[in-house]
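Worksheet: the structure to be examined is printed underneath.
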Amino acid sequence: MSKTPSDNTFQAIISHAKEYGFVFPSSEIYDGLSAVYDYGPYGSQLKKNIRDYWWACMTQMNENIVGIDAAIFMHPTTWKASGHVDGFSDPLIDNKDSKKRYRVDHLIEGHAEKLVERGEQVAADNLLANMDALLAKDDFEGLKKLIEDNKIHCSISGTGNWTEIRQFNLMFSTELGSVAEDANTIYLRPETAQGIFVNFLNVQKTARMKIPFGIAQTGKAFRNEIVARQFIFRMREFEQMEMQFFIKPGTQKEWYEHWKAERMKWHLSLGITADKYRFHDHVKLAHYADAAVDIEFEFPFGFKEVEGIHSRTDFDLTRHQEFSKKKLQYFDTEINQHYVPYVIETSIGLDRMFLLILSNSYEEETINKEDGTTDSRVVLHFPARIAPNKLAILPLTKKDGLPELAKELMDECKKSFHCFYEEKDAIGKRYRRQDAIGTPFCVTIDHQTKEDGTVTIRYRDSMLQERIPMNKVKSMVLEHIS
RNA sequence: GCGAAAGUAGCUCAUUUGGUAGAGCACGACCUUGCCAAGGUCGGGGUGGCCGGUUCGAGCCCGGUCUUUCGCUCCA
């Protein structure tokens, strides 16, 4: 895999995203915050359009899928039930020489065993007792001092050159209420899925849903990643678009295949070529899944996951039954039986989809002009239905009544879709500016418009132009974006 | 987290050995023009990522720190 050309493209895309108001580093005037980004005027609109398109495809085009919007905060027990609390709260320490990472408790226990072998049982017991006390208090400084005082060394490098102790907890936490010492810790959700599971019966009953049916949701999730990188690809705060599809146990294989195919169709419906996509089957499955696949896209930095389709079995609902002591079952009138439904999940990262659209659309194009010289432009080939601006309305000059005509068209069209009006600078320059933000159509009002009511429409991708009646512009654009 | 590289105007970059910063594009106003990045005049914008050190003097040398990209590691 050659790195250099694609690195340059990626850099160029990041620069372009900033220069044209798509994505800014967060809190940039304070040097930014690692792996956090803000969406600018065109970026937020593009992101919203992607979200809306997904939402319509899920909840509008499928009669058996409904939406919800759950809170980011959830009852702390949710995360015990989901399995997020355990397994990810162990303090870790790295040896700087060997680069080997240890769980602190394992490191100290290993040393205690050596003491026992040497017959120093009392010292070993003391060490472990000290460790337990410090672990209970999350006293990392004390633990490091304990390691240093006991001259515990790395078994590979043999040195005692340790980093600070860190706790790599996946979830961000905060305190609910005003009194922190009440230990009423709540977490920022690390995935949106649990908001759907805990509402399973509320939704099923109130919307009178029959299995098989789905619940869709978009929203922010938060993960305290150890390394977050590659622009907006891996962020600590990100937005998910996901749908949990509830099915009869035993039918999960066919529904898994169904949604695998459906989701790929959705991606291809945005006009992206199939060779940029591939499936990646999970070999090592997560604790909740009996089958899992990633839809990967070829980003400038290689094939990476955009969306996951997981067969989550009845793991989540069963666990919530256990922890809440409330039944989360469905009565299937066809077979006259209660059961806990199985679940197929489709989960796509909105920010990753944004980056996908941006990198797939970005082109530095060389134009061969009629006089033999060449010219260049940067153009974003956004699919028309998700482009931030649909139409730019440009009077050829700012006098002779042309702006007035253009404003009329503007007033007509802006009720239906996002339009952009500009009368500054030469027409060619204005076209290029619209190319750079991915506006699919430009309309120019000229002197002929006053005579016969026609305008020039110029297409972003082909740069071709043709004359059409001004009163047909709105319907023509609507045709392309619906 | 470890290692490497980088950070100068909104963007891309100059400023060869230390002597208090420039260009192109972009941006604003006006004039001229009018169908693919036109020309002219004028103008706004940088305490050189940040902090400290060496020096008579630091964008440049040294240390630290933040941010970004890349490689490894991690990714329930």
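Predicted model only: the values in this text are computed from it and were never measured. Residue numbering restarts at 1 for every chain, and letters A, B, ... go by the order of the sequence lines. The basis for the numbers below is simple: all heavy atoms, side chains too, and nothing from hydrogens, waters or symmetry mates.
Judged by the 6.0 Å and 45° rule, Lys80(A) forms no cation-pi pair with Phe323(A). Under a cutoff of 6.0 Å and an axis angle of 45°, Arg352(A) and Phe233(A) form a cation-pi pair. In this structure, Arg278(A) forms a cation-pi arrangement with Phe303(A), its terminal cationic atom sitting closer than 6.0 Å to the ring centre and no more than 45° off the ring axis. For the pair Arg263(A) and Trp266(A), the cation sits on the ring face: its NZ or CZ lies under 6.0 Å from the ring centre, inside 45° of the axis.
Looking only at distances, a side-chain donor or acceptor of Arg430(A) sits under 3.5 Å from a matching main-chain atom of Lys424(A).
C27(B) and C62(B) are spaced 39 Å apart, taking the P atom of each and rounding to whole Å. To the nearest whole angstrom, the two P atoms, one in C51(B) and one in G59(B), are 12 Å apart. A26(B) and U41(B) have their P atoms separated by 16 Å, with the value rounded to a whole Å. Distance noted for atom P between G43(B) and G64(B): 45 Å (whole Å). Distance noted for atom C1' between U68(B) and U15(B): 24 Å (whole Å). For the P atom pair drawn from G24(B) and C66(B), the interatomic distance equals 38 Å after rounding to whole Å. Comparing the P positions of U17(B) and G46(B) gives a spacing of 26 Å, expressed to the nearest Å. Taking atom C1' on both nucleotides, G44(B) is separated from C2(B) by 45 Å, rounded to a whole Å.
For C27(B), the OP1/OP2 oxygens have a side-chain nitrogen or oxygen of Arg433(A) closer than 4.0 Å. A close approach under 4.0 Å does not occur between any side-chain nitrogen or oxygen of Ser34(A) and OP1 or OP2 of C66(B). Between Gln230(A) and U68(B) there is no side-chain N or O to OP1 or OP2 distance below 4.0 Å. Distances shown here put every side-chain N or O of Lys18(A) at or beyond 4.0 Å from the OP1 or OP2 atom of G10(B). Side-chain N/O atoms of Lys429(A) include one lying less than 4.0 angstrom from OP1 or OP2 on A26(B). For U33(B), neither phosphate oxygen OP1 nor OP2 lies less than 4.0 angstrom from any side-chain nitrogen or oxygen of Thr397(A).
Closest to the Arg458(A) side chain, of the nucleotides C36(B), G34(B), A76(B), is C36(B). In the set C36(B), A76(B), G34(B), G34(B) carries the atom at the smallest distance from any side-chain atom of Arg430(A). With C35(B), C36(B), C75(B) as the choices, the nucleotide that has an atom nearest any side-chain atom of Ile427(A) turns out to be C35(B). In the set C70(B), A76(B), C66(B), the nucleotide with an atom closest to the side chain of His84(A) is A76(B). Of the candidate nucleotides C35(B), C11(B), G49(B), C11(B) has the atom nearest to the side chain of Glu19(A). Nearest nucleotide to the side chain of Phe231(A), out of C11(B), C50(B), U69(B): U69(B). Checking G49(B), C35(B), U12(B) against every side-chain atom of Tyr431(A), the shortest atom distance belongs to C35(B).
The partner of U33(B) cannot be assigned: no Watson-Crick or G-U wobble pair with both contacts below 3.5 Å exists in any strand. Nucleotide A5(B) is matched to U68(B) when pairs are restricted to Watson-Crick or G-U wobble geometry with both distances under 3.5 angstrom. Using the Watson-Crick or G-U wobble rule with both distances under 3.5 Å, G28(B) pairs with C42(B).
Of the two residues contacting RNA chain B, namely Tyr20(A) and Leu396(A), the nearest-nucleotide position lying further toward the 5' end is that of Leu396(A). For Arg377(A) and Asp425(A), each mapped to the nucleotide of RNA chain B holding its nearest heavy atom, the one lying further toward the 5' end belongs to Asp425(A).
Nucleic acid contact for Asp446(A): base, since at least one base atom lies under 4.0 Å from a heavy atom of the residue. Using a 4.0 Å heavy-atom criterion, one finds that Ala289(A) contacts no nucleic acid atom at all. Lys424(A) comes within 4.0 angstrom of the backbone, heavy atoms only, and of no base. Counting non-hydrogen atoms under 4.0 angstrom, Tyr37(A) reaches the backbone sugars and phosphates but no base.
Between Pro395(A) and the options Leu402(A), Val443(A), Val455(A), a side chain to side chain contact (heavy atoms under 4.5 Å, CB included) holds for only Leu402(A).
In this structure, the ring of Phe10(A) has its center no less than 6.0 angstrom from the ring center of Phe299(A). A ring-centre distance under 6.0 Å is not found for Phe22(A) and Tyr20(A).
For the pair Leu355(A) CG and U68(B) P, the computed distance is 15 Å after rounding to whole Å. One atom, CZ of Arg189(A), and another, C1' of A76(B), lie 18 Å apart when rounded to the nearest Å. Spacing between atom NE2 of His310(A) and atom P of C75(B) amounts to 15 Å, rounded to whole angstrom units. Look at NE2 on His282(A): it is 11 Å from C1' on C75(B), rounded to the nearest Å. Rounded to an integer number of Å, the gap from Tyr30(A) OH to C50(B) C1' is 14 Å. Rounded to a whole Å, the CZ atom of Arg234(A) is 14 Å from the C1' atom of G1(B). Rounded to an integer number of Å, the gap from NZ of Lys398(A) to C1' of U32(B) is 11 Å. If you take CD1 of Ile29(A) and C1' of G45(B), they are 17 Å apart, rounded to a whole angstrom.
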